Number of protein chains: 2
Amino acid sequence: MKNGIKEVAKKANVSTATVSRVLNSSEVVTEETKRRVLAVIDELNYMPHAIGRALVTRQTNLIGVILPDVHSEFFSELIRGIDKAARQHNYHIIVSSTHSDKREIESMLTVMQGGRVDGLIIMSPHIDTEEVIKHLSPLSRVVFVNSYLNGASFDSVTIDNYGGAYQMVEHLIEHGHKRIAILKGEERNYDAQERFRGYLDAVKDNGLDRIKNFELLGDFTEESGYDAMIGVLRMKSKPTAIFCSNDSMALGALRAMHEKDIIVPGEIALAGFDDVPSARYVLPSLTSVHVPIFEMGKEAVEHLFVSLEGKNGGEGKKMMLPTLVIKRESCGCTPVAT
Amino acid sequence: MKNGIKEVAKKANVSTATVSRVLNSSEVVTEETKRRVLAVIDELNYMPHAIGRALVTRQTNLIGVILPDVHSEFFSELIRGIDKAARQHNYHIIVSSTHSDKREIESMLTVMQGGRVDGLIIMSPHIDTEEVIKHLSPLSRVVFVNSYLNGASFDSVTIDNYGGAYQMVEHLIEHGHKRIAILKGEERNYDAQERFRGYLDAVKDNGLDRIKNFELLGDFTEESGYDAMIGVLRMKSKPTAIFCSNDSMALGALRAMHEKDIIVPGEIALAGFDDVPSARYVLPSLTSVHVPIFEMGKEAVEHLFVSLEGKNGGEGKKMMLPTLVIKRESCGCTPVAT
DNA sequence: CTGAAAGCGCTAACAA
DNA sequence: TTGTTAGCGCTTTCAG
């Protein structure tokens, strides 16, 4: 037994147009007919067919989200931020967690086109985004999130990776450290680049020497942090503080130091980036840079809706969300609990 | 300048029907015309309008995913598993991370209906799922994931919470522990219940006394683990081992023990559940139960597609994925690295 | 093998 | 205030 707008119309003795008007709460319908229609809708348990509607209104109430392979905390927070804001506008989200692979992103882009979504939120932290951008010229309803845009004229929301790193390194310097190492992330990763840039400038601006030996390469995993730290501990002249470009690497580094009986922060101080939930529960608790991921997702959606409502021409409004240094035990601010 | 199937048809000197045939790789089209049409499609950069197509085929190639507020690791792994499998079938996913709130889930259900999605994957680990179930009678294309179904006739995929807990507790017993405490999760959470049940049975089956004092209540957060552990450490006669219902609580408990100078596992052994990435990097590394979340997502999708292809009547096929005890330092298996 | 035409379920002019 | 009608972009009989 079918159950469309026609059935409702017939049973309520009105035309489908009127049912439609009731559905879209048009003001012109009589209270009387409206009540009658609503009664039938309720009785038949009718629910408008989203696809039929979308075809004519040219609006799907769906926004697409294309993400690379980010760490779980980032992923879930971002999705939740996006979803929450989207729901507030009565939208749903289609997510695709593609790999960072350029070709995959491109294929997602085309697939998501074709009227499937009203807008797109893309995160593409790998440096080869430029290629991708070309492929989405026709669809101006896009907001980039934490991506390398290289001046391209798209709306974007990012977090202040540079500033967070800068402040954190400066904080380490305030503790008296002069030999500060950094555990970098992958070269082609935008976050990693920015955080490294912040480190570099903080070191320079504070008159410290840049020590190339102290610029270690990692890949944002615990394992790479562990491995890099083992290397550091073999150096004849060690750093007195380590700034890790993310918390995962910091955890790995911490483990390595524990195993080698290095006292943190006594012998070597440590700081991370991201402020993951477990940061405050390891020992010593991890000083880190808090990153407003949820808010970034939320803001991305709000930007998108400005475009969707045509208030702007999508002429590339940029927004940068502040990061915040969270001082705990591993940098030496708080005595280590015991 | 528009760019629909009509434009392609005109430019290729065929009817829209033929273009459609080419698009759907119908066998009947001549090689010659097919090439001509494809050329025009390419030239015009044409991409079929998904909504128009969905309206007639009654198929959206979208599956809805409704999740509660789970921890980030679980969330991202599950989504990735689902997304990966869905992509393989050329589907996309609409995700909604509602609260565990019953009413919210219901509203999501109705919203996702209406032709928007071809099927639904729902996770509803709170015990009041039964109510929810009633509201989705018309839509048989549903697979539940890690949910409390109470015998309801839906397809479902779960992980072996019970078995994992049972084996872990038994492992602790093998280490000689006779006084094993458990940090439970929320009462109404299905995972928490099953893990508790596993604990209880393992204790009983091995002839140990059930000590009600040792059954502590938490809520799966680090904080609750910390707080509960502080309580434990105040007991006059303490347990010699703690089984935490998840790793977050185990991390909190570990921190509490460190602060109070309790040696783990020397004085008190510790085990968690979930095997989050950082489990192997804390000190001592955390013995935990590995949970195949990605696979669960993947399996859920495969089950769904069996239903979608009408091979079964959705008569409630259940699948349970095995969990695996990962032995590390915190239970006493491996000497603590140092 | 190809084309004409009839919709899929809904909304939006335009009339009445 | 309500109904009639013409599509939205595509697929799919049914003829040819």
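Residue numbers begin at 1 in each chain, while the letters A, B, ... track the order of the sequences. Values below: all heavy atoms of this structure, side chains included; hydrogens, waters and symmetry mates excluded. Keep in mind the model is a prediction, meaning the values are calculated, not measured.
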For atom CD of E31(A) and atom P of dT2(D), their distance in whole Å: 10 Å
What is the distance from NZ of K10(B) to P of dG3(C), rounded to the nearest Å? 15 Å
Using whole Å, what does the distance between atom C1' of nucleotide dG9(C) and atom CD of Q59(A) come to? 17 Å
Tell me the closest heavy-atom pair linking R36(B) and V14(B), and the distance in Å. NH2-CG1, 3.4 Å
Take the protein atom CD1 of I41(A) and the nucleotide atom P of dG9(C), then report the distance between them rounded to whole Å. 16 Å
Nearest heavy-atom approach of D155(B) to S307(B) is OD2-OG, 3.6 Å
Please classify the nucleic acid contact of V29(B) as base, sugar-phosphate, or nothing, using heavy-atom distances under 4.0 Å. sugar-phosphate
Can R80(A) and D69(B) be counted as an ion pair, charged N to O under 4.0 angstrom? yes
Taking every heavy atom of S147(B) against every heavy atom of T158(B), the minimum-distance pair comes out as N-CG2, 4.1 Å
Heavy-atom protein contacts under 4.0 Å, nucleotides 4-11 of chain D, coded B base, S sugar-phosphate only, - none: B--BBBBB
How are the rings of H89(B) and F305(B) set to each other: parallel, tilted or perpendicular (split at 30° and 60°)? parallel
Distance-only donor-acceptor pairs under 3.5 Å for side chains of residues 37-46 of chain B, two or more places apart:
residue: E43(B); atom: OE2; partner: K11(B); partner atom: NZ; Å: 3.1

